[in-house]
Amino acid sequence: MAGARLKAPRGTFDVLPEDGRRRERLRRLFEELLDAAGYEPFETPVFEQTEVFARGVGETTDIVQKEMFTFEDQGGRSLTLRPEGTAPICRAYVEHGMHKLPQPVKLRYFGPFFRHEAPQAGRYRQFSQLGVEALGSDDPSLDAEAIVLLDELLRAAGARGLRLRLSSLGTPETRREYSDELRAYLRRHESELSAEVRARLDANPLRAFDSDDPGTRAVMAEAPRLLERLADEDAQHFAEVRALLDDAGVAYEVDSGLVRGLDYYTRTVFEFTSDALGAQSGVAGGGRYNGLVRLLGGPDTPGVGWAAGIERILLAAQPEAPQPPAPVFVARDEGASGRDAFRVLRTLRAEGLPAQLEQAGRSLKGQLKHADRIGARAVVIVADGGLRVRDMRSGEQREAADAAEAARLVIESTTR
RNA sequence: GUGGGCGUAGCUCAGCUGGUAGAGCUCCUGGUUGUGGUCCAGGCGGUCGCGGGUUCGAGUCCCGUCGCUCACCCCA
């Protein structure tokens with residue numbers, strides 16, 4: 001371990017090349033898929049005024065209460081490393097007057113997020129998410145489209161053991177009324193509930209639906225359901241979303257107990273999980289947030305979106321790492337001019353060939369061995385007297401008069 | 001924050017009841033009077049997480065501490 005005193009901070013990790021290739025491929029897949037659906041690239045800073053999250057995500061949420069990396073800048077302003085992407089995008093939507101653009105505004109993003117939690121399998125303090133937001137329309141087809149695209153993405157990425165849970169939270173008002181009703185119901189059955197559920201009864205009674213305690217489950221089986229309390233318009237909206245998903249052939253389970261950890265959700269909420277993960281089974285989640293833009297000081301604007309964790313997608317997919325393109329290796333024989341070798345390198349690249357140059361002072365034999373290890377298709381040996389092009393598959397070797405001819409020979413011998 | 005597991009070369013690991021550190025892989029060199037993939041040989045590379053204790057002697061036992069990891073909570 002040779003004095004490796006300095007380490008990546010707890011809950012963070014370095015992306016080594018093999019994993020980097022996997023991540024880049026996933027990102028490209030995401031971008032192609034969402035581009036085709038009209039979602040445009042969008043970036044917000046990795047930190048924001050703390051207020052954006054405190055107000056946007058909700059003061060009572062776990063994220064705001066205990067998971068934010070918050071610090072002060074030199075002017076004493078409170079800033080926070082973004083723990084999620086939706087509130088910042090809504091902030092930007094307001095800031096840039098994007099409600100004046102043709103609606104809906106469809107955006108996609110990709111980048112790092114930060115949550116100060118105890119790390120474990122699939123959970124990090126810095127993690128990456130890709131996500132989309134569609135602002136400015138309450139049309140159920142946007143909810144359905146978002147889910148269909150997410151479903152497509154996860155499948156194309158190869159995520160295994162997927163399950164989609166779907167529900168509707170109605171409006172904040174019905175949610176509040178329902179919450180009171182559920183709380184009252186739970187109080188009547190308090191003695192039958194597990195200690196943890198009792199402890200969270202005031203803060204988040206909906207969590208009781210997730211409990212695996214037998215007593216609690218028995219109580220919850222009879223508990224009132226939020227879906228049964230939805231106002232007509234909300235129930236109608238949900239029915240339309242479901243019909244569109246049915247038409248699209250996306251399988252889902254309606255789960256009245258589905259709770260998302262952020263305050264801003266209204267109407268549709270959903271979550272993809274994978275049983276190929278550890279305890280952190282959530283791969284992606286999202287929903288509609290019709291009040292958020294207004295909450296952040298903008299006009300009343302509906303929105304819907306989702307975010308997917310790229311580490312978790314990769315964990316659920318376990319894909320092979322893509323191979324980099326097979327390069328041409330430029331070897332230097334003893335006495336060969338470094339300038340000649342460099343010129344050959346540039347010429348090969350100019351001809352569109354991925355090329356690498358010997359830069360470690362190896363013996364010719366070592367260079368060939370190295371070329372083989374990196375999967376070179378051909379080696380151009382730069383010698384005192386001229387150039388030799390060696391096809392690494394056949395072992396055939398031919399003379400070349402100059403770099404351009406060497407490039408031609410490489411293309412000839414390896415693109416058949 | 002709490003609980004379980006683990007911390008020996010860059011990586012994967014071995015090291016029995018304490019006796020003074022090993023293997024495989026990787027990398028470099030050589031076997032090849034300039035030329036790779038197999039094979040052989042050699043070389044580079046170790047504060048045995050850290051601190052303390054017991055002992056003639058500790059990687060091996062005891063205590064503490066730090067870190068990693070899985071899980072609870074919550075979530076991407």
Side-chain angles (χ1 to χ4, degrees), chain A residues 1-13 16 18 57 61-67 82-86 110-131 150 154 159 194-197 199-200 203-204 206-207 210-212 258-262 271-274 277-286 306-316 329 331-336 358 360-385 388-397:
Chain A
M1 49 152 271
R5 288 272 133 80
L6 262 23
K7 304 172 59 176
R10 184 170 170 75
T12 68
F13 53 89
L16 273 37
E18 190 174 296
V57 176
T61 58
D62 274 16
I63 289 180
V64 171
Q65 285 197 336
K66 47 186 198 191
E67 295 173 5
R82 60 182 185 184
E84 62 97 49
T86 302
F110 178 105
F113 293 86
F114 307 83
R115 270 136 78 164
H116 194 121
E117 295 191 84
Q120 66 185 74
R123 190 168 75 188
Y124 305 97
R125 289 184 172 181
Q126 176 177 339
F127 55 99
S128 300
Q129 289 191 151
L130 36 82
L150 178 54
L154 294 175
S194 72
E196 306 87 271
V197 171
R200 301 192 54 81
N204 201 341
L206 283 173
R207 280 288 162 206
D210 290 340
S211 174
D212 44 19
L258 177 59
V259 183
R260 311 233 71 250
L262 307 143
E271 182 170 278
F272 275 89
T273 58
S274 164
L277 266 42
Q280 305 307 319
S281 58
V283 174
W306 49 254
I310 100 149
E311 291 81 15
R312 290 191 185 173
I313 293 175
L314 259 14
L315 213 52
F329 190 76
R332 294 173 57 179
D333 198 355
E334 226 163 311
E358 167 62 19
R362 273 174 283 250
S363 66
L364 188 59
K365 174 186 169 124
Q367 295 181 53
L368 269 295
K369 199 186 193 87
H370 178 70
D372 186 54
R373 291 226 170 95
I374 64 173
R377 57 214 264 200
V379 173
V380 177
I381 300 166
V382 181
D384 202 5
R388 296 189 292 272
V389 177
R390 182 179 181 84
D391 182 311
M392 290 299 274
R393 284 247 298 265
S394 64
E396 254 180 89
Q397 203 162 289

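A, B, ... follow the sequence lines: proteins, then strands. Residue 1 opens every chain.
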Heavy-atom closest contact ([X] atom, [Y] atom, distance):
{"X": "A:Ala336", "Y": "A:Val382", "answer": "CB-O, 3.0 Å"}
{"X": "A:Glu84", "Y": "A:Arg115", "answer": "CB-NH1, 4.0 Å"}
{"X": "A:Met392", "Y": "A:Ala376", "answer": "CB-O, 3.5 Å"}

Given B:C68, B:A71, B:G36, identify the nucleotide with an atom nearest to the side chain of A:Lys365.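 Closest of the options to the side chain of A:Lys365: B:G36.
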
Of all the nucleotides listed (B:A71, B:C68, B:A76), which has the minimum atom distance to the side chain of A:Arg312?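 Taking heavy atoms from C-beta onward, the closest nucleotide is B:A76.
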
What integer number of Å spans the [atom1] atoms of [N] and [M]?
{"N": "B:C27", "M": "B:A14", "atom1": "P", "answer": "24 Å"}
{"N": "B:C56", "M": "B:U2", "atom1": "C1'", "answer": "43 Å"}
{"N": "B:G45", "M": "B:C28", "atom1": "C1'", "answer": "12 Å"}
{"N": "B:C62", "M": "B:G22", "atom1": "C1'", "answer": "27 Å"}

Is the ring of A:Phe113 stacked on the base of B:A76, with centres less than 5.5 Å apart and planes under 30° off?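 No, A:Phe113 does not stack on the base of B:A76.
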
Does A:Ser363 place a side-chain N or O at less than 4.0 Å from the phosphate oxygens OP1/OP2 of B:C28?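 Negative; the distance criterion is not met.
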
Phosphate OP1/OP2 of B:C27 contacted by A:Arg373 side-chain N/O (<4.0 Å):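 For B:C27, OP1/OP2 do have a side-chain N/O of A:Arg373 under 4.0 Å.
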
Distance, rounded to the nearest Å, where A:Glu396 contributes CD and B:G36 contributes P: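 Atom CD in A:Glu396 sits about 17 Å away from atom P in B:G36.
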
Just how far, in rounded Å, is P of B:C70 from OH of A:Tyr124?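 Result: 7 Å.
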
Would you say the side chain of A:Arg362 and the base of B:U29 hold a donor-acceptor pair, judged only by whether the two atoms sit under 3.5 Å apart?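 By the distance-only test, no, there is no pair.
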
Establish whether the base of B:C73 is bridged to the side chain of A:Arg123 by a donor-acceptor pair shorter than 3.5 Å.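 Answer yes: a donor N or O sits under 3.5 Å from an acceptor.
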
For A:Arg390, which contact category applies under a 4.0 Å heavy-atom criterion: base, sugar-phosphate, or nothing?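 Counting heavy atoms under 4.0 Å across all strands, the contact made by A:Arg390 includes a base.
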
Which is true for A:Asp62 with a 4.0 Å heavy-atom rule: it touches a base, it touches only sugar-phosphate, or it touches nothing?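 Counting heavy atoms under 4.0 Å across all strands, the contact made by A:Asp62 is with sugar-phosphate only.
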
Paired with B:C44: which nucleotide, if any, by Watson-Crick or G-U wobble criteria at under 3.5 Å for both distances?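 Checking every strand shown, B:C44 finds no partner, since no pair has both distances under 3.5 Å.
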
